[in-house]
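A short write-up of the structure that comes next.
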Number of protein chains: 2
Amino acid sequence: MGRKRLQESADGRPTVHTVAARAGVSIASASRVLNGVGGSPETIRKVRAAAAEVGYVPNAIARSLQSQRTGLVALAVEDIGNPVYVEMMRAIESVVAASGRQLLVHATAGQVAKETALLRRLAHRYVDGMIVSPIRVTDDHLAALVDSPVPVVVVGQLGADAPVDNVRTDSRTGVGLAVDHLVAAGRRRIGFVNGPLDTVPGAARDAGFRTALAGHGIELDERLVEVGDFQYAAGRAAAERLLARARPDALVCANDLIAVGALHALLAAGRRVPEDVALVGMDDTELARMMFPQLSSVSLGSAERGRRAAELLLQRITDPALPPRREQVAPHLAVRASSAAPRPVLAPFRRADARTAEGALPLVPGQPDQEPTAPKPPAPRTPEVTA
Amino acid sequence: MGRKRLQESADGRPTVHTVAARAGVSIASASRVLNGVGGSPETIRKVRAAAAEVGYVPNAIARSLQSQRTGLVALAVEDIGNPVYVEMMRAIESVVAASGRQLLVHATAGQVAKETALLRRLAHRYVDGMIVSPIRVTDDHLAALVDSPVPVVVVGQLGADAPVDNVRTDSRTGVGLAVDHLVAAGRRRIGFVNGPLDTVPGAARDAGFRTALAGHGIELDERLVEVGDFQYAAGRAAAERLLARARPDALVCANDLIAVGALHALLAAGRRVPEDVALVGMDDTELARMMFPQLSSVSLGSAERGRRAAELLLQRITDPALPPRREQVAPHLAVRASSAAPRPVLAPFRRADARTAEGALPLVPGQPDQEPTAPKPPAPRTPEVTA
DNA sequence: CAGACTCCCGGAAACGTTTACAGCAATGAG
DNA sequence: CTCATTGCTGTAAACGTTTCCGGGAGTCTG
């Protein structure tokens, strides 16, 4: 004869069978009581007691198999050390939590393979949906996204035709805001420290920088452009390379981590910020405000993008038939001390290293930021919680 | 008659039944082929083809129900915005990934209820194990940890008797290292900006600070102690309160975020760092190196703790019968520019506010750190048990 | 050529839960 | 007093996979 049907799970933990047997009722009754639907007072008492005695804890996997949902939502980002993703994550979390679900985060370290694998694994029903923010988008990627078994929302640029829910910003324009601001402040030798050009944001920002300079009739000196990756150390190294061969009077950085690296490089090289070199970062993370001087930064609305992505996802989870949607969040510039001092120039700018010191404001951090300058609050969006 | 047994899942996606039917084989054969075990060449061909045609993707939930494992490991931390957790996470991730599993992160925002809920939910079998790093430990908490249905490893202090795998550091001693260093550099009016005292690390660091001062025969001026929380903004505010009522010549901060806040407060108040006030943070995160001047910081070995915790967890997953283990990682101090200038004092220190400026090194960031000075405090500090 | 061995296959049971359905007792109305 | 209604209950069928087991065909050995 076969192994007698036990009432415990393989590893010895109690199951609903255990509880039912102990309470002297059927598993159906036990399950009902445990879920709080139905049951006579007496049955409820017995089942509750039995469950407590054996320390019953339901197996969520089994429950999910039956109910076809897990109550979990995943977020896959490239680098969880980048504060921009932290802000995004917080925004997503609050929306997701409000729906009674739980958010799980996975860092992909920008490896396409890893990210695709995650999709192909988690998405195999471990989660009810996921939000991914890829910085490189390959065809493989796209394919995995398009026929994902669970709803997916992408934060970031994606081919216009991709039938995937998508929340993006316009970082080309964003870079333009920074350049406009610097030009208005009299800066002309504007440098750019970017991330890898084979990433979506890297390419967009490069294009934005060139377009913006051209728009002001400034010819680009290629020695003023340097590329690293989107991290602090690489940003600093890239800025050092740039400073070794050129004398910018302003630097635009492709994100705040790079900007912090550049700030360090500048100070170490004895340049004053903003008097000698004005500095503008991107993403407008908390990090920008933590620096001294506080960094001007182009906000790409990461919290807002996160919030909207989460809402899109929840909608799609409840109604998978929805057509693919695309939303856009406008960038805006937060001017702070690192670029606030107008460069006192009288005549058409000539000598790049004719720097003056006076005229620079004695900027003290702690002053309220002169918040968003540019395309003022994009829309009457619902008030956002995050900073 | 009842609904005919369909070969598709409820939501219309193909199942192994679909594939088997289409390939003209049994589900057992289909499953075998899909898992790469057995199958004749012909069968393999047919099944593969069928799977590709219908776009079959296995349901991981069902698989997990059968195999009793998910291949997922969760990490629950309080604040994912704190770089110390990012470092820990990276270390854990690399160990976990090497074992073929995937790491999921959940931020609990320090809410006990949330964390316990996570435990009670994820732990109900969604993951094969989890690492949690609670900053507040309640009885509820402890109970949830002890009888978690899946293996749990705690990073942080826990009652000595708790039968839970546990990797800790000794932050009492850690604070002592900072104080020793500052005293050796001639500082006497040493302030302390701490996190909440009702947290485990907050309490431990407070005790460490008091003990260390006493060890040097320095009487503690309570005005030099201030409390916020473990974030940047609160740290800055706390430092401002402290500076408004006292004139420290050094500040120890309970973590690097607070230290950055304090740095900001100091610079805004016109104090030079390190000439006027030496500054030491804790956790030795990347953030400390990103500041200008770079911050001295007490490393609590977060990456190492993460790595060890992950190893402990993997061991326990494979062998749940292991007795509870406890490991400890020793703190050490990284001295950098923010505290490197010895305060030039000749005679036994007298007047607390008799500060001098000369003698301070013109410290340039970017110099190699004078790495770990000493797990070498004056007295062999009590190796610390619980907090 | 017979027997043993190997390989592949399909049926069916399991993983632990939820839930449709039907039976049954108690209650209320007429 | 009868019948319909209500409220619980238990049986059993799902959810989609993996895997044990027995049977059949083919191959090798003696």
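Proteins come first, then strands; the chains are lettered A, B, ... in the order of their sequence lines, and each starts at number 1.
For the pair B:Glu42 CD and C:dC8 C1', the interatomic distance rounds to 13 Å; values are reported in whole Å. When the C1' atom of C:dT18 is taken as reference, atom OH of A:Tyr56 falls 10 Å away, rounded to whole Å. Atom CG of B:Asn59 and atom P of C:dC15 are 18 Å apart (whole Å). Atom-to-atom, NE2 of A:His17 to P of C:dT17 comes out at 8 Å; the value is rounded to the nearest Å. In this entry the distance linking CZ of A:Arg63 with C1' of D:dA14 reads 17 Å, nearest Å. Protein atom CZ of A:Arg45 is 16 Å distant from nucleotide atom P of D:dC8, rounded to whole Å.
Applying the 4.0 Å criterion to OP1 and OP2 of D:dG10, one finds that A:Ser26 has a side-chain N or O inside that range. Proximity of A:Asn35 to the phosphate of C:dT18: a side-chain N or O atom is located under 4.0 Å from OP1 or OP2. Residue A:Ser67 has no polar side-chain atom (N or O) positioned under 4.0 Å from OP1 or OP2 of C:dT18.
Comparing C:dA20, D:dC8, C:dT17 by their nearest atom to the side chain of A:Pro58 picks out C:dT17. Distance from the side chain of B:Ser29 is smallest for C:dG10 among the nucleotides C:dT18, C:dG10, D:dT17. With D:dT9, D:dA12, D:dT17 as the choices, the nucleotide that has an atom nearest any side-chain atom of B:Gln66 turns out to be D:dT17. Side-chain atoms of A:Gln68 lie closest to D:dG16 of the nucleotides D:dG16, D:dG10, C:dT18. Across D:dG10, D:dA12, D:dT17, the shortest atom-to-atom separation from the side chain of A:Arg32 is found for D:dG10. Between D:dC8, D:dT17, C:dG10, one nucleotide has an atom nearer to the side chain of B:Val25 than all others, and that is C:dG10. Picking from D:dG16, C:dT17, D:dT11 the nucleotide with the shortest atom distance to the side chain of B:Leu65 gives D:dG16.
Using a 4.0 Å heavy-atom distance criterion, A:Ser31 is classed as a base contact. No engagement by A:Ile61 is indicated, since no non-hydrogen atom pair under 4.0 Å with the nucleic acid exists.
Donor-acceptor pairing under 3.5 Å is lacking for the side chains of A:Arg69 and A:Ser67.
Among A:Lys46, A:Arg48, A:Arg22, the single residue meeting the salt bridge (charged side-chain N to carboxylate O under 4.0 Å, His left out) criterion with A:Glu53 is A:Arg22. Between B:Ser64 and the options B:Asp128, B:Leu72, B:Thr70, a side-chain contact (heavy atoms from CB on, under 4.5 Å) holds for only B:Thr70.
Within a 6.0 Å radius of CG in A:Asp319, other residues, nucleotides and ligands contribute more than 12 heavy atoms.
Residues A:Gly39 and A:Ile27 each lie close to DNA chain D; by heavy-atom proximity, the contact nearer the 5' end of the strand is made by A:Gly39.
Within 3.5 Å, no donor on the side chain of A:Arg13 pairs with an acceptor on the base of C:dG16, nor the reverse.
Looking at every heavy atom in both residues, A:Ala51 comes nearest to A:Leu34 through CB-CD1, 4.2 Å.
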